[in-house]
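Contents: one structure, followed by commentary.
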Amino acid sequence: MRTNICLSSASTLFVLEVCFSTEVSSRKFYPLYMGLLDHLLREQVSEKLSHIPLPSTRRSSSFPVASWERLLRAEISNPKTPVAVIMFRWKSHRHCDQECEDQPHKVKELRTSLAPLSGRNLQYCNDACLRRYLEARNWNVDKSKKMMEESLKWRSSFKPEEILWHEVAVEGETGKAFRANFRDRCGRTVLILRPGMQNTTALDNQMRHLVYLIENAILNLPQGQEQMSWLIDFTGWSLTNNVPIKSARETVNILQNHYPERLAIAFLYNPPRIFEAFWKIVKYFLDPKTMQKVKFVYPKNKDSVELMKSYFDMDNLPTELGGKANLKYDHEEFSRQMAQDDVKAAKFWSFDKHHTETNGYSAAGVGPKTECLAPPVTV
């Protein structure tokens, strides 16, 4: 498991990146690691914390940070410690502040470097969008420009905002992919994918269906939220109904290159052992940033289940994904809701002079109030 922590004190920003095996929790490194975290949290110097399933046991926080650091360094030097990668980095707040101050200039520089924009391209390329492309390319303006230009070219030919539900509805008849009727704990839209329920063979329409759902998920993001979560349920998956490599590669290409920084997390729930061979091929298509967002969850692996619980209320999750909700996909109801969203999307992309930029580009303020929809769930 890889963990990134960003912690700040009055004088420094402390970044710790850890990659360790699942059995590390039973070793003494984990209490030391959590002790440092606990101390910093108690001292209220935590700036950002992600992907950390906090244990319920109490830990001593009497040691100062420097002492914890020395203990951690000593443990790192122990060859018996099951740690694959440990990296410490310190940056002065002056350096971090400089980076933050440079970001608006980078956004402006990227906008200036692009050819004059008009119509939907201008609407698409708001500041939030430019920031996502810059983030995806580590704030390198030249690389971000190239990525943005390729996306604009793709959007010009693929026309994702013009896809209507009735054009791809056949793809969704089995419920192989749909927007869930709940959000994660951060308010993000959730897409549920069930590759074991594949019902078509035409790659082009499969990709149009996926893009439609991504656009719809973005359209229904709450104000201030830019990312979505994916839940991939492997119930019924087998080699006979396996997604072709070409389809998986195209999915990765679209998500990484044309929707950068839109994915917050993707949980692959209980994939069978035979999936490992398929995954060994697919993972080579993923860039490092996307790779870190993919998490495997196994019902018998407590750490992975706890990580999933940190993102989702188990009362909302369907039983197939380890939750408590009895979810039954209703294609007719989902289609009705998608038809309503098509009207909202058409209004959003109609160049309404009064639309406001919120999360680059949610339609949270466009049309009727968003339903946290589809499909009906009974408990």
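Side chains are part of it too, since the values below use all heavy atoms of this structure and drop only hydrogens, waters and symmetry mates.
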Any chain of hydrophobic side-chain contacts (each under 4.5 Å) joining Leu219 to Val343?
no

Check your understanding: Just by modelled atom types, is the Leu213 backbone N or O under 3.5 Å from a matching donor or acceptor in the Arg179 side chain?
Key -> no

Q. Should we say atom CD of Glu276 is surrounded by more than 12 heavy atoms from elsewhere, each under 6.0 Å from it?
A. yes

- Can we say Arg155 and Glu215 salt-bridge, meaning some charged N sits less than 4.0 Å from an Asp/Glu carboxylate O? yes

Contacts of Lys309 meeting salt bridge (Lys or Arg N to Asp or Glu O under 4.0 Å) (sequence neighbours excluded), chain-then-number -> Glu306

When rounded to the nearest 0.5 Å, the distance separating OG of Ser118 from CD of Gln123 is 12.0 Å

Here the gap from Arg132 atom CZ to Ser144 atom OG, rounded to the nearest 0.5 Å, amounts to 12.5 Å

Checking Thr189 side chain against Ala217 main chain: does a donor-acceptor pair fall under 3.5 Å?
-> yes

Side-chain ion pair, Lys324 and Asp315, N-O less than 4.0 Å: yes

TODO: Return yes if some donor-acceptor pair links the side-chain N/O of Lys159 with the main-chain N/O of Ser156 below 3.5 Å, else return no.
DONE: yes

Would you say the side-chain atoms of Ser151 pair up with the backbone N or O of Met148, donor to acceptor, closer than 3.5 Å?
no

Rounding to 0.5 Å, atoms CD (Gln225) and CG (Asn220) come to a distance of 13.0 Å

Is there side-chain contact between Leu255 and Leu210, with heavy atoms separated by less than 4.5 Å?
no

Distance col, row Phe312:CZ vs Arg185:CZ, nearest 0.5 angstrom, shows 9.5 Å

Within the structure provided, determine whether Ile214 and Met228 are in side-chain contact (heavy-atom separation under 4.5 Å). yes

message = Is any side-chain heavy atom of Tyr311 closer than 4.5 Å to one of Leu317?
response = no

Correct closest heavy-atom pair for Asn316 and Ala325 would be O-CB, 3.6 Å

Taking the basic N atoms (NZ, or NE/NH1/NH2) and the acidic carboxylate oxygens, is any pair closer than 4.0 Å for Lys344 and Asp341? yes

Ring centroids only, cut at 6.0 angstrom: are Trp230 and Phe267 within range, meaning strictly under it?
no

Exercise for the section: May I ask you to say whether Arg137 pairs ionically with Glu261, meaning some side-chain N is under 4.0 Å from a carboxylate O? Expected result: no

Counting neighbours of NZ on Lys283 that are heavy atoms of other residues, nucleotides or ligands and sit closer than 6.0 Å, is the number greater than 12? yes

Test item: Leu203 and Pro244 side chains (from C-beta on) under 4.5 Å apart, heavy atoms: no

salt_bridge(Glu135, Lys289) N-O dist < 4.0 Å: yes

So Phe334 and Tyr329, would you call those rings parallel, tilted or perpendicular, with 30° and 60° as cut-offs?
tilted

* Asked: Quick one: do Lys108 and Asp127 make a salt bridge, cutoff under 4.0 Å?
  -> no

To the nearest 0.5 Å, atom CG of Asp233 lies from atom CG of Leu231 at 9.0 Å

Plane angle bin for Tyr212 and Trp165 - parallel if under 30°, tilted between 30 and 60°, otherwise perpendicular: tilted

query = Is the closest side-chain donor-acceptor distance between Gln256 and Thr290 under 3.5 Å?
reply = yes

Can you confirm whether Leu110 sits close enough to Val107 that some side-chain heavy atom of one is under 4.5 Å from a side-chain heavy atom of the other? no

Self-check item: Candidate pair Glu333 and Arg336, rule salt bridge (Lys or Arg N to Asp or Glu O under 4.0 Å), full reasoning
Solution: CA-CA 5 Å; Glu333 175 63 15; Arg336 181 188 69 81; 2.6 Å; yes

Checklist entry - Is any side-chain heavy atom of Cys125 less than 4.5 Å from a side-chain heavy atom of Leu152? => result yes

Measure from the side-chain N and O atoms of Glu320 to the backbone N and O of Gly322, and report whether any donor-acceptor pair falls under 3.5 Å. no

Value for CG (Asp330) from NZ (Lys328), rounded to nearest 0.5 Å, stands at 7.5 Å

Backbone of Met308 reached by a side-chain donor or acceptor of Lys295 within 3.5 Å:
no

Original post:
So do Asn253 and Arg249 actually touch side chain to side chain, heavy atoms under 4.5 Å?
Top reply: no

Side-chain atoms of residues 167-178: list all donor-acceptor pairs with protein atoms under 3.5 Å, sequence neighbours left out, distances to 0.1 Å.
| residue | atom | partner | partner atom | Å |
| --- | --- | --- | --- | --- |
| Glu167 | OE1 | Leu164 | N | 3.3 |
| Glu167 | OE1 | Arg208 | NH2 | 2.7 |
| Glu171 | OE1 | Lys176 | NZ | 2.5 |
| Glu171 | OE1 | Thr200 | OG1 | 2.6 |
| Glu171 | OE2 | Thr200 | OG1 | 3.2 |
| Glu171 | OE2 | Asn205 | ND2 | 3.4 |
| Thr174 | OG1 | Met197 | O | 2.7 |
| Lys176 | NZ | Gln198 | OE1 | 2.6 |
| Lys176 | NZ | Asn199 | OD1 | 3.1 |
| Lys176 | NZ | Thr200 | OG1 | 3.2 |

| In terms of side-chain geometry, is the basic nitrogen of Arg188 or Asp184 positioned less than 4.0 Å from the acidic oxygen of its partner? | yes

Practice prompt. State, with a plain yes or no, whether a side-chain heavy atom of Asn181 is found less than 4.5 Å away from one of Val190.
Written response: no

| field | Mutual orientation of the aromatic rings belonging to Tyr298 and Phe296 [parallel < 30°, tilted 30-60°, perpendicular > 60°] | value | parallel

